[in-house]
Amino acid sequence: MTADVRSEPRPRRAVHSAVVRLTHWINAAALLVMVTSGWRIYNASPLFDFHFPDWMTLGGWLAGALAWHFAAMWVLAVNLAVYVVYGIVSGHFRRDLLPVTPAGVWRDLKAALAFRLPHAAGRYNAVQKLLYGGVVLLICLAVASGLAVWKPVQLQALAALMGGYEGARLVHFCAMSGIVGFFAVHILLVLIVPRTLPPMILGGTVREPETAP
Ligand code: HEM
């Protein structure tokens, strides 16, 4: 007698692996420190005709803000390297964040705006894939342009790619703005679908979806 394969339980998989969860929260904390201390550093020599309010900044004064910025920089850079190497080696990027096609993004964006986009735990829609991949690239750009601003003589070639020291400052500011913009949209989406939050903190597994016979 043969067993009915359809009655066999489907395998379970982690919603978010421990490495993704750990690097996600370290990244979020490091970015919070980087951005708020960066605003204080910006205030000492603004690029544009505005200042960030003091209460939104970290460090108290320029030297304090620089100390916070450089301390968090190492945490951000090492953590980012761990996340990217893990994402490539484990297949997480290939499996969960790729591919992203313009047609898929357009389709899912229309469905999301009409509140008709279902959310399956641990499965990202095309808009999420675009946002997550995009913010990881923006963080890489923020680190690269930050290095060019920090060491414009030693890293001349890198600074030259961004149009020199002033260009690198502008790129650094734009990367920061993109990350802050991502953060606002990301938090809004978590508030709209709050059940995505516990698995990002606590982990957990889900059954693989039913595959067609
Ligand atoms: C600037 C700070 C942040 C960045 C750059 C960021 C970035 C990301 C990225 C790249 C992912 C996908 C991770 C992967 O699967 O590889 C993700 C997922 C997620 N993040 Fe964040 N995040 C930030 C802050 C936060 C905060 C503060 C919260 C909570 C309030 C949060 C909640 C989540 C949740 C719940 C998911 C999973 C979404 C789902 O399963 O659909 N994130 N985030």
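When a ligand or atom number is given, it counts from 1 through the structure's own listing order.
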Protein heavy atom at shortest distance from atom 15 (O) of ligand 1: Tyr124 OH, 2.6 Å
Side chains of Thr57 and Thr36 in contact at under 4.5 Å (non-hydrogen atoms): no
Heavy-atom side-chain proximity of Thr205 to Val15 below 4.5 angstrom: no
Where at least one partner belongs to residues 51-76, residue pairs that pass salt bridge (charged side-chain N to carboxylate O under 4.0 Å, His left out), sequence neighbours excluded: Arg40-Asp54
Distance-only N or O hit between ligand 1 and His119, under 3.5 Å: yes
For atom 40 (O) of ligand 1, closest protein heavy-atom neighbour: His16 NE2, 3.3 Å
Side-chain donor/acceptor of Asp108 to backbone N/O of Asn125, under 3.5 Å: no
Side chain to side chain, Leu138 and Phe182, heavy atoms closer than 4.5 Å: no
Tyr83 N/O under 3.5 Å from ligand 1 N/O: yes
Identity and separation of the nearest protein heavy atom to atom 29 (C) of ligand 1: Trp25 CH2, 3.5 Å
4.5 Å side-chain heavy-atom contact, Val75 and Val33: no
side-chain hydrogen bond (donor to acceptor under 3.5 Å, both in side chains) partners of residues 61-90, not counting sequence neighbours, each pair once: Ser17-Tyr86, Ser37-His69
Part of Tyr86 with heavy atoms under 4.0 Å of ligand 1, whether side chain, backbone, both or neither: neither
Protein contact of atom 35 (C) of ligand 1 - nearest heavy atom, named by residue and atom, plus distance: Thr196 O, 3.3 Å
Pairs flagged by salt bridge (charged side-chain N to carboxylate O under 4.0 Å, His left out) wherever residues 175-199 is involved - sequence neighbours left out: none
Closest to atom 10 (C) of ligand 1 among Phe182, Phe93, Tyr132 (heavy-atom distance): Tyr132
Non-hydrogen atoms of Val100 and Ala126 that approach each other most closely: CG1-O, 4.0 Å
Centroid-centroid under 6.0 Å between Tyr42 and Phe50 rings: yes
Subset of ligand 1 atoms that lie under 4.0 Å from at least one heavy atom of Leu31: 1 (C), 5 (C)
Environment of atom 21 (Fe) of ligand 1 in terms of protein N/O/S atoms, cut-off under 2.8 Å: His24 NE2, His186 NE2
Atom 27 (C) of ligand 1: nearest protein contact (heavy atom, Å): Ile187 CD1, 3.6 Å
Atom 2 (C) of ligand 1: nearest protein contact (heavy atom, Å): Phe183 CD1, 3.6 Å
Heavy-atom check, side chain of His51 versus side chain of Trp39, under 4.5 Å: no
Atom 5 (C) of ligand 1: nearest protein contact (heavy atom, Å): Asn27 ND2, 3.4 Å
N/O donor-acceptor pair under 3.5 Å between Trp25 side chain and Met200 backbone: yes
His92 N/O to ligand 1 N/O under 3.5 Å: yes
